[in-house]
**Student:** 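I'd like to ask some things about the structure below.
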2 protein chains.
Amino acid sequence: MFRKEVLNFKIYETMKGDHRIWLDKNESPFDLPPELKDKMFHELKTIEFNRYPDISALPFREKLAEHLGLDVSNIVVGNGSDQLIDCILDLFVGDQVVIHTPTFGMYTFYAKKKGLELVDIPLDEGYDLPCLDSYGDHVKVIFICSPNTPTGNMIGRDSIVDVLEKGHPVVLDEAYIDYARESNMGLVEEYDNLIILRTFSKAYGLAAMRIGYAVARPSVIQQLSKIVSPFIINKISMKMAEMMLAQDELIRERVTFVKNQRDKLISEFSAYAYPSDTNFVMLDLDAYDYLLERGIVVRRLEGRLKGKIRVTVGTESENREVTAALKDYLDTKGC
Amino acid sequence: MFRKEVLNFKIYETMKGDHRIWLDKNESPFDLPPELKDKMFHELKTIEFNRYPDISALPFREKLAEHLGLDVSNIVVGNGSDQLIDCILDLFVGDQVVIHTPTFGMYTFYAKKKGLELVDIPLDEGYDLPCLDSYGDHVKVIFICSPNTPTGNMIGRDSIVDVLEKGHPVVLDEAYIDYARESNMGLVEEYDNLIILRTFSKAYGLAAMRIGYAVARPSVIQQLSKIVSPFIINKISMKMAEMMLAQDELIRERVTFVKNQRDKLISEFSAYAYPSDTNFVMLDLDAYDYLLERGIVVRRLEGRLKGKIRVTVGTESENREVTAALKDYLDTKGC
């Protein structure tokens, strides 16, 4: 009765339980300011809960387009960028999904769910894209995450352009772009085989609300929108995201704070930390269990990154705690 | 670059524009009472917007299970029941998706999107299931909508049991069940090839929030949950749905009102109306344009139902208006 891909499917899990400090999911450490919540809830009262959202999320897409200096025809929105990854896998011909590990796990999740062939071309030693002459003739889509998780680095613009020049559909996941030096959004104008993914779950602090979007040339968006579910995002998530677009200064302040704290963490552990253009730091410290015993949850990395951890930048006191705990860990190890 | 299924895909659209009365989407005519909205927003203030929802929506599933007298292991939730239809198509082996038209359009939407073979075994003259000796050997899943849209009738329990006995996976969509005489939820205990879909978009009045769920035997839910996206529903939608579960009396009152208004509409147009166990009525009246000119949007039916309309039961004044307009229409036609 069940497909073998499903029977063999590995459940995707995150840590649960009663821990003090959560630095495992690359969330923003800041909830919305109470006065902004009040303002939002005041606005939300006018929503008719018994009526479906706009079928293609047009009002939200218009505000997003204005914010990005693009047209609505460049944008499609999703219930988290996850759902757009799922849809994009139904968009293009070909049966191979190319990923570059170590990277975000959801490309694999959706490719496997659909029974597609996963082709892993690992990132090089510097966690940048390897240079390939050809990807072959069966490529459906190539996923590139930049800045990449869990490594934290940007993928070189030249490497991305090299891949785009091959002509295959490319998804560039910019979930962490607000913490980075520069976006590659501009490439959308030049390449009609490029789709950029963004999210409100990181710098915009709305992980609870599941809002993502894709940016591409209108010819791509036109096809993608056909197969994105109607009424895909609920009304409150869209309204909250719209209101966050007007909070430029707040977002900028918080992003600056996170970047400063991140750089501090990197300099404290310069012998173990990898460069980061994100809101987290990969550390060559096998301290997962040590931290967990002290109530601090980080991400334990696996495979090629075994023995390393990924630490989300938290609030000032959380960062102080994780720094102290990691120093204790090093002392214990006699480093 | 694009799959031919996508290039040939028909965009799913609903009516937009500046019309007075919307009776086209089978929504509840009632928004939440203001005092309930206030209470909800008060509760929602405690939500941490920067944190992801529970990965498998466990707290919500627990409340839902309690409400339904089931176990959490019987339930998976989705961003609208739509998204569960999508997932279910990835769950089972086989390449044929069986539908019984006229019925809900989303089974076709997702089957076509995935390039699956659609096998239509039309409902009989009474809009009940035709009796088949066999569905063949390639069936992935059989969709049954009961009460059915757009016809409004329940599918006979015996017909459903006959299909279940064939052993193929069956999805029974009970979106409109709260307006009907009796549910077939009890069949879940007997059949491990049955998945029942439910929604908060109709009787529970939360169409804006996109919340659906599936009920099945734990052995089915165990597999289905693996491939449902992590963090599938946002925190506010879940919280609102949880709070609505405590509003039994309100829901019951509103459902009774809708059923009474529906029966009134049916008796007013007894020569043209079909029986209904839902919050809408199918009428053998080609009055779509006539109503639209008067600011009333209903659903224009097509194919085998060409010349008929589907009218959602609205508020008392909306129903008065649509009744008056339809009487005028009949007068104009000289009926």
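Labels below follow one simple rule: chain letters A, B, ... track the order of the sequence lines, proteins then strands, and each chain is numbered from 1. When reading the values below, keep in mind they use all heavy atoms of this one structure, side chains included, and skip hydrogens, waters and symmetry mates.
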**Student:** Can we say K16(A) and D54(B) salt-bridge, meaning some charged N sits less than 4.0 Å from an Asp/Glu carboxylate O?
**Tutor:**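 Counted as a salt bridge, because a side-chain N and a carboxylate O are separated by less than 4.0 Å.
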**Student:** Between I233(A), L32(A), L89(A), which has the largest tally of heavy atom pairs under 4.5 Å with chain B?
**Tutor:**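 Sorted descending by pairs with chain B, the first entry is L32(A).
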**Student:** Check this for me: does any side-chain nitrogen of one of E43(A) and K239(A) sit under 4.0 Å from a carboxylate oxygen of the other?
**Tutor:**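 Yes, charged N to carboxylate O under 4.0 Å.
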**Student:** For L7(B), is it the side chain, the backbone, both or neither that has a heavy atom under 4.5 Å from a heavy atom of chain A?
**Tutor:**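 Answer is both: backbone and side chain atoms of L7(B) are under 4.5 Å from chain A.
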**Student:** Quick check on K202(B) against chain A: is it the side chain, the backbone, both or neither that has a heavy atom closer than 4.5 Å?
**Tutor:** side chain
**Student:** Using a strict cut-off of less than 4.0 Å between a Lys/Arg side-chain nitrogen and an Asp/Glu carboxylate oxygen, indicate whether R51(B) and D31(A) qualify as a salt bridge.
**Tutor:** no
**Student:** Non-hydrogen atoms of chain B under 4.5 Å away: do they reach the side chain of M40(A), the backbone, both or neither?
**Tutor:**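 No part of it gets close to chain B.
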**Student:** Where does the angle between the aromatic ring planes of Y12(B) and F231(A) fall among parallel (under 30°), tilted (30 to 60°) and perpendicular (over 60°)?
**Tutor:**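 Y12(B) and F231(A): perpendicular rings.
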**Student:** Answer with side chain, backbone, both or neither: which region of K10(B) has an atom nearer than 4.5 Å to a non-hydrogen atom of chain A?
**Tutor:** neither
**Student:** Do you know which two heavy atoms are closest between Y52(B) and E27(A), and how far apart they sit?
**Tutor:** N-OE2, 2.7 Å
**Student:** Any side-chain heavy atom of L116(A) sitting closer than 4.5 Å to one from K140(A)?
**Tutor:**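 In short, these two side chains touch, coming nearer than 4.5 Å.
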**Student:** Which atoms of F200(A) are under 4.5 Å from chain B, going by heavy atoms: the side chain, the backbone, both sets, or neither?
**Tutor:** neither
**Student:** Tell me whether the centres of the aromatic rings in F104(A) and Y107(A) are closer together than 6.0 Å.
**Tutor:**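 Centroid distance F104(A)-Y107(A): below 6.0 Å, so yes.
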**Student:** With a 4.5 angstrom heavy-atom cut-off, is it the side chain or the backbone of S237(B) that approaches chain A, or both, or neither?
**Tutor:** side chain
**Student:** With chain A as the partner, which of I227(B), I11(B), I236(B) has the greatest number of non-hydrogen pairs under 4.5 Å?
**Tutor:** I227(B)
**Student:** Provide the closest heavy-atom pair for A214(B) versus L197(B) in the form atom of the first, atom of the second, distance.
**Tutor:**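 Residues A214(B) and L197(B), closest heavy atoms: CB-CD2, 3.8 Å.
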**Student:** What part of N193(B) gets closer than 4.5 Å to chain A, counting heavy atoms only: side chain, backbone, both or neither?
**Tutor:** both
**Student:** For the CD1 atom of I195(B) and the SG atom of C87(B), what is their distance to the nearest 0.5 Å?
**Tutor:** 10.0 Å
**Student:** Using non-hydrogen atoms and a 4.5 Å limit, figure out which bit of M240(B) sits close to chain A: side chain, backbone, both or neither.
**Tutor:**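 Contact with chain A is through the side chain of M240(B) alone.
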**Student:** Among L58(A), D38(A), D90(A), D82(A), which has the most heavy-atom pairs under 4.5 Å with chain B?
**Tutor:** D90(A)
**Student:** Sort V220(B) into side chain, backbone, both or neither according to what part of it lies under 4.5 angstrom from a heavy atom of chain A.
**Tutor:** both
**Student:** If you count heavy-atom pairs under 4.5 Å with chain B, which of Q223(A), M106(A), H168(A) comes out on top?
**Tutor:** Q223(A)
**Student:** Are any non-hydrogen side-chain atoms of L206(A) and N50(B) less than 4.5 angstrom apart?
**Tutor:** no
**Student:** Tell me, side chain or backbone of P29(B) under 4.5 Å from chain A's heavy atoms, or both, or neither?
**Tutor:** backbone
**Student:** Go through the atoms of V228(B) and report whether side chain, backbone, both or neither lie under 4.5 Å from a heavy atom of chain A.
**Tutor:** backbone
**Student:** With a 4.5 angstrom heavy-atom cut-off, which part of F109(B) approaches chain A: side chain, backbone, both or neither?
**Tutor:** side chain
**Student:** With a 4.5 angstrom heavy-atom cut-off, could you sort out which part of L44(A) is near chain B: side chain, backbone, both or neither?
**Tutor:** both
**Student:** Which atoms of F30(B) come close to chain A, meaning under 4.5 Å heavy atom to heavy atom: side chain ones, backbone ones, both, or neither?
**Tutor:**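 Only the backbone of F30(B) comes within 4.5 Å of chain A.
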**Student:** Ignoring hydrogens, what is the shortest heavy-atom contact between K114(A) and D86(A)? Give both atom names and the distance.
**Tutor:**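 Heavy atoms only, the tightest pair is NZ-OD1, 2.6 Å.
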**Student:** Is T312(B) close to chain A through its backbone or its side chain, or both, or neither, when contacts mean heavy atoms under 4.5 Å?
**Tutor:** neither
**Student:** Given a strict heavy-atom distance threshold of 4.5 Å, which part of K25(B) is in contact with chain A: side chain, backbone, both, or neither?
**Tutor:** both
**Student:** Tell me the closest heavy-atom pair linking I251(B) and M244(B), and the distance in Å.
**Tutor:** CD1-CE, 3.6 Å
**Student:** Quick one: what part of I211(B) sits under 4.5 Å from any heavy atom of chain A, side chain, backbone, both or neither?
**Tutor:** neither
**Student:** With a 4.5 angstrom heavy-atom cut-off, could you sort out which part of K113(A) is near chain B: side chain, backbone, both or neither?
**Tutor:**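 Both backbone and side chain.
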**Student:** Walk me through whether E165(B) and Y191(B) qualify under side-chain hydrogen bond (donor to acceptor under 3.5 Å, both in side chains).
**Tutor:** CA-CA 8 Å; E165(B) 285 290 335; Y191(B) 293 96; 2.5 Å; yes
**Student:** Return the minimal non-hydrogen interatomic distance between T199(B) and S81(B), and the atom names on each side.
**Tutor:**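 For T199(B) versus S81(B), the nearest heavy atoms are CB-OG, 4.3 Å.
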**Student:** Is it the backbone or the side chain of E13(A) that comes under 4.5 Å from a heavy atom of chain B, or both, or neither?
**Tutor:** backbone
